[in-house]
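Here is how names work: the chains are called A, B, and so on, in the same order as the sequence lines, proteins then strands, and each is numbered from 1. This structure is a prediction, so every number in the text was calculated from the model and none was measured.
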2 protein chains.
Amino acid sequence: MSRTEQNGAGRRRPPTIHDVAREAGVSRGTVSRVLNGGHNVSPAALEAVQSAIRRTGYTVNRHARSLITGRSDSVAFLLTEPQERFFEDPNFNVLLRGCTAALAAHDIPLLLMIAGTEAERRRNMRYIAGHVDGVLLVSSHSGDPVAAQLHEAGVPLVACGKPLGQGSRVSYVAADDRNGARDMVRFLHGSGRRRIATVTGPLDTPGGVDRLAGYRETLTECGLPVDEALIVPGDYSRAGGEAAAALLLERAPDVDAVFVASDLMAQGVLSTLERAGRRVPQDVAVGGFDDSPAALSARPELTTVRQPWDRISAEMVRVLLAQIGGEDPAAVILPTELVRRDSA
Amino acid sequence: MSRTEQNGAGRRRPPTIHDVAREAGVSRGTVSRVLNGGHNVSPAALEAVQSAIRRTGYTVNRHARSLITGRSDSVAFLLTEPQERFFEDPNFNVLLRGCTAALAAHDIPLLLMIAGTEAERRRNMRYIAGHVDGVLLVSSHSGDPVAAQLHEAGVPLVACGKPLGQGSRVSYVAADDRNGARDMVRFLHGSGRRRIATVTGPLDTPGGVDRLAGYRETLTECGLPVDEALIVPGDYSRAGGEAAAALLLERAPDVDAVFVASDLMAQGVLSTLERAGRRVPQDVAVGGFDDSPAALSARPELTTVRQPWDRISAEMVRVLLAQIGGEDPAAVILPTELVRRDSA
DNA sequence: AAAGGCGCTGTGAGCGTTCACAGTAGAGAA
DNA sequence: TTCTCTACTGTGAACGCTCACAGCGCCTTT
């Protein structure tokens, strides 16, 4: 009966550190020490407290703890992309999942915040300052002032992808876009292609810039001329890929390979090429970038450059936690990998 | 100089309710009343406090508030699907975005928790009890005990999709799967198809069961026999769709339409059909379900049944907040809509 | 034998709020 | 005038935790 009243549907107030202390026959202080690493606690007391915790089903009240420590033991995942891209891009799923899991291993919950509109951005900024220990930032457009604002406010911060524009020392983790692009172009060249075009990403994103740079360099390196007619701007979207391919076919009908800066755009390119009667890969080879699920759902399946999203998320969390712990900002660049399938 | 020290990079401790009270020339109590609705506060005091808040840049310390109120003013989005589905299914993005936005409007942050493994599940359960005001649950498999556990623990809870199996009164929001399926089958029949097959979802999910039920009913209603050879089980994955279609062609080569219980599976069906030399929609009409981005990236573009994800997320949040506010659990079923494209 | 150090323990204070209560002043009713 | 009621205001006491400090034995050293 009293048991039922304590644990049953009655929703009794949860046990506190006092209850545990009484149950274990020690003081609050000792329980607290056990909770925070167990230093300077005798083996007997340690055992007594741990057993009492188990018996009472005690869980630390994080609000009370945060109130005094000033830490919140939580982290925000902040997305400042316009929402469309979030929907379309399957990479975010992987990234989000990875970050959640990596944080969970440290018992740190992830707060998801999306700042599409200006109002949302303001709200999130207000929330973050003082309510969150650090921020995992996903925002590639250089016009985005969020990174600078957070950095200035002294909030520990790790960006996914190199924050373009500002020279300020903010941490980031990124795939090696430039070398990934080089691998792909080198591969296309190696398979005999000579009129290699590219559909770029937005040129106000580091990915867009670096992949294009890799493309240019490799062409020169291979002794091919860099023909500006073969360089078509894209926006990472499927529709953008379709339009870019149409423009490309018009400007350079003799194209025999396209390096597309994202898989989603590559899908669009494939679709335009098909409608134009070009066979892939026989007439035109198509190389993507990301190795997202879109690469597998494309027909033919995409030869692409794999971004190591699992490692990226793990590194982002590692760097962020280190920074929260007082270490200096850091930049991490992770290698990509060429994945051969059917489109090139 | 003193200003700089207070607001600059020095990271002074943030203003508290005391600072605001002093600045406004009132007491803590009055400031608190302003913060919580402003009842029983004179216009003069209200104005003074609001101005003081603006001048000091005060933000309420949610930890302190939570400590005394017992509320956390946060909500968990709990995903107990095995991770693969989360990655593949573009619907989750829309749902997640919708929930985040709807909660943000109430200034409530969303904690993302993923419980793929048993360890993760235990950790999350421990966290949820006492740290979160309510849970938005995404988990369709009936074997999942999480819903029951949470409900028993008295945690306000809204499931996405009807929790199968347990009769317990837990809130949920779902699309009208049965009627959606009926609309599609009726449409296929109306366009002259007579050998209408179906690839089902997993039959331990409510969506799988109800869509199949709608299929069966409508066939009978249209005076068509229900041929068990035309009913092939699927698993909501693209690969599952490919396999199901292969099996179907073997069992019933004369099939002239397929109602597929998800767009992703429909992509797989399309791909198998193409390889088998069947033209879509001329030889075989294909209808999907979800109207996810996958429907648009399919070739031909999928005729499908649109699930109102934006409304689903909004309703989930509404029902959850109502329940946190003390109202009774509720079930909400939202209508679907047939979207005509090229595959049927 | 006294002094010093070390390992362990308990205690008080305080983190920033909200809530219940008590108190004040002014308006209206008797 | 006096009383009551209402609208507003201020004050102490929590909420559950961590942290700094002081105290107490006990072992080692001089």
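Comparing B:Val60 and A:Ala44 along DNA chain C, the residue whose closest nucleotide (by nearest heavy atom) sits nearer the 5' end is A:Ala44. Place A:Pro15 and B:Val26 on DNA chain D by their nearest nucleotides, and B:Val26 ends up nearer the 5' end. Residues A:Ala64 and B:Thr69 each lie close to DNA chain C; by heavy-atom proximity, the contact nearer the 5' end of the strand is made by A:Ala64.
Read 5' to 3', the first and last nucleotides of DNA chain C with an atom closer than 4.0 Å to a heavy atom of chain A are C:dC8 to C:dG16.
Between the A:Ser51 side chain and the A:Glu47 main chain, no donor and acceptor come within less than 3.5 Å of each other. A side-chain donor-acceptor contact under 3.5 Å links B:Asp133 to the backbone of B:Asp73. B:Ser66 contributes a side-chain N or O that, together with a main-chain N or O of B:Arg71, makes up a donor-acceptor pair within less than 3.5 Å. In this structure a side-chain-to-backbone donor-acceptor pair under 3.5 Å is missing from B:Glu23 to B:Asp19. At distances below 3.5 Å, not a single donor-acceptor pair connects side-chain atoms of B:Arg311 with backbone N or O atoms of B:Leu334.
Non-hydrogen atoms lying under 4.0 Å from DNA chain C are contributed by B:Ser32, B:Asn36, all within residues 31-43 of chain B.
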Starting from the C-alpha separation in whole Å, work towards a yes-or-no answer on salt bridge (charged side-chain N to carboxylate O under 4.0 Å, His left out) for A:Glu118 and A:Arg121.
CA-CA 5 Å; A:Glu118 180 60 25; A:Arg121 227 191 62 204; 3.2 Å; yes
Could you walk me through whether B:Phe77 and B:Leu96 pass the side-chain contact (heavy atoms from CB on, under 4.5 Å) test, one step at a time? CA-CA 8 Å; B:Phe77 186 99; B:Leu96 189 52; 3.7 Å; yes
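Within the nucleic acid shown, B:His18 comes within 4.0 Å of at least one base atom, counting heavy atoms only.
Within 6.0 Å of atom CZ in A:Arg55, more than 12 heavy atoms from other residues, nucleotides or ligands are found, so the atom counts as buried in its surroundings.
For the pair B:His63 NE2 and D:dT18 P, the computed distance is 14 Å after rounding to whole Å. Nucleotide D:dC17 holds its P atom 12 Å from the CG atom of A:Leu67, rounded to whole Å. Atom CZ in B:Arg28 sits about 14 Å away from atom C1' in D:dC15, given to the nearest Å. Put simply, CD1 on B:Ile68 is 15 Å from P on D:dC17, counting in whole angstrom units. Across the protein-nucleic acid pair, A:Arg65 atom CZ and D:dC15 atom P stand 19 Å apart, rounded to whole Å.
B:Arg28 and B:Ser32 share no side-chain donor-acceptor pair at under 3.5 Å.
Look at B:Ser27 and you'll find a side-chain N or O under 4.0 angstrom from OP1 or OP2 of D:dG10. Close to D:dG10, at under 4.0 Å from its OP1 or OP2, lies a side-chain N or O of B:Thr30.
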